[in-house]
Amino acid sequence: MFERLEKMLIDYNWKVNTYAQTLRKGQYSLNIGKSCHWNKPGKPILPSIKMRENNSEIYNECKRLFPDHPFECIMINKNFKCAPHKDRNNCGDSIIFGLGDYDGGDLVIEGEGHCLLYSPLKFNGAENEHWVEDWVNGDRYTVVLFML
């Protein structure tokens with residue numbers, strides 16, 4: 001089901017996100033979808049630069065995989081371990097799933113661990129505190145489909 005998307009992520013030219021202060025060496029995060037200027041209320045939601053750069057291929061593949069789930073944003077993380085938080089800008093339910101060749105790395109939601117590897121999970125990231133546990137072996141990709 002996820003082979004094509006996984007290949008796109010493995011082949012993607014990952015670059016350090018200079019705007020993300022929380023990323024450590026070897027961690028990457030990017031938005032392939034629509035985005036807004038977080039610090040500028042009233043600004044329109046527009047296609048992200050990364051969406052335009054890859055001609056929407058990753059975005060379109062996610063739409064093909066999840067045609068019935070409404071989303072306009074896709075956050076993709078590579079080897080990113082987040083501390084406990086809530087996604088204050090998200091609206092409604094998100095779908096998240098993991099790809100890669102790692103072991104562990106469960107997403108913990110309100111204290112309950114969930115294995116995401118090739119297993120989509122729907123949850124409300126704005127209402128539920130969540131974080132990532134440690135993992136071993138290989139690269140861990142997560143894909144989050146959500147609305148602003």
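Residues take their numbers from the sequence shown, with the count starting at 1.
For Asp103, the side chain to side chain donor-acceptor pair (under 3.5 Å) test picks out Asn137, with sequence neighbours left out.
Of all the heavy atoms in Gln27 and Asn79, the pair that sits closest is CG-O, 2.9 Å. Minimum heavy-atom separation, Asp93 to His69: O-CE1, 3.3 Å. When all heavy atoms of Met1 and Arg64 are compared, the closest pair comes out as O-NH2, 4.0 Å. Contact detail for Lys81 and Val132: the closest heavy-atom pair is CE-O, 3.1 Å. Scanning both residues, Glu110 and Asn128, for their nearest heavy atoms gives OE2-CA, 3.2 Å.
For NZ of Lys7, the number of neighbouring non-hydrogen atoms (other residues, nucleotides, ligands) closer than 6.0 Å is 12 at most.
Within the model, atoms NZ of Lys78 and CG of Leu99 stand 12.5 Å from one another, a figure rounded to the nearest 0.5 Å. Here the CZ-CD1 distance, from Phe146 to Ile74, works out to 9.0 Å after rounding to the nearest 0.5 Å. For the atom pair Tyr59 OH and Leu145 CG, the distance stands at 9.0 Å (nearest 0.5 Å). Ile76 contributes atom CD1, which lies 6.5 Å from atom CG of Leu5 (distance to the nearest 0.5 angstrom). Atom CG of residue Asn77 and atom SG of residue Cys82 lie 7.5 Å apart, to the nearest 0.5 angstrom. Met147 CE to Glu72 CD: the interatomic distance, rounded to the nearest 0.5 Å, is 4.0 Å.
Close placement of the Phe97 and Phe2 rings is indicated, their centers lying within 6.0 Å of each other. Aromatic ring centroids of Tyr141 and Tyr28 lie 6.0 Å or more apart.
Using the six-membered ring where Trp is involved, Trp14 and Tyr12 have ring planes that are perpendicular, over 60° apart on the 30 and 60° scheme.
The shortest distance between side-chain heavy atoms of Asn124 and Asn90 does not fall below 4.5 Å. Within the 4.5 Å cutoff, no side-chain heavy atoms of Glu61 are placed close to those of Glu57. When side chains are defined from C-beta on, Thr142 does not count as touching Phe80, because their heavy atoms never get closer than 4.5 Å. Contact of the His85 side chain with the Glu129 side chain is not registered, since no non-hydrogen atoms from C-beta on lie closer than 4.5 Å. Within the 4.5 Å cutoff, the side chain of Leu116 has heavy atoms near those of the Arg140 side chain.
Between the side chain of Glu127 and the backbone N or O of Gly125 there is no donor-acceptor pair closer than 3.5 Å. Distance alone, capped at 3.5 Å, is enough to place a donor-acceptor pair between the Lys63 side chain and the Phe71 backbone.
In terms of hydrophobic clustering, with Ile, Leu, Val, Met, Phe, Trp and Tyr side chains grouped at heavy-atom distances under 4.5 Å, Trp131 and Leu117 are assigned to different clusters. Residues Leu107 and Val136 are members of separate hydrophobic clusters, defined by side-chain heavy-atom contacts under 4.5 angstrom among Ile, Leu, Val, Met, Phe, Trp and Tyr. Hydrophobic cluster membership differs between Val108 and Val143, with clusters built from Ile, Leu, Val, Met, Phe, Trp and Tyr side chains linked at under 4.5 angstrom.
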### Task
Please assess Asn31 against Met75 for the test side chain to side chain contact (heavy atoms under 4.5 Å, CB included), listing each intermediate value before the final yes or no.
CA-CA 5 Å; Asn31 174 21; Met75 184 58 64; 4.1 Å; yes

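Of the N and O atoms on the side chains of Asp87 and His130, at least one donor lies less than 3.5 Å from an acceptor on the other residue.
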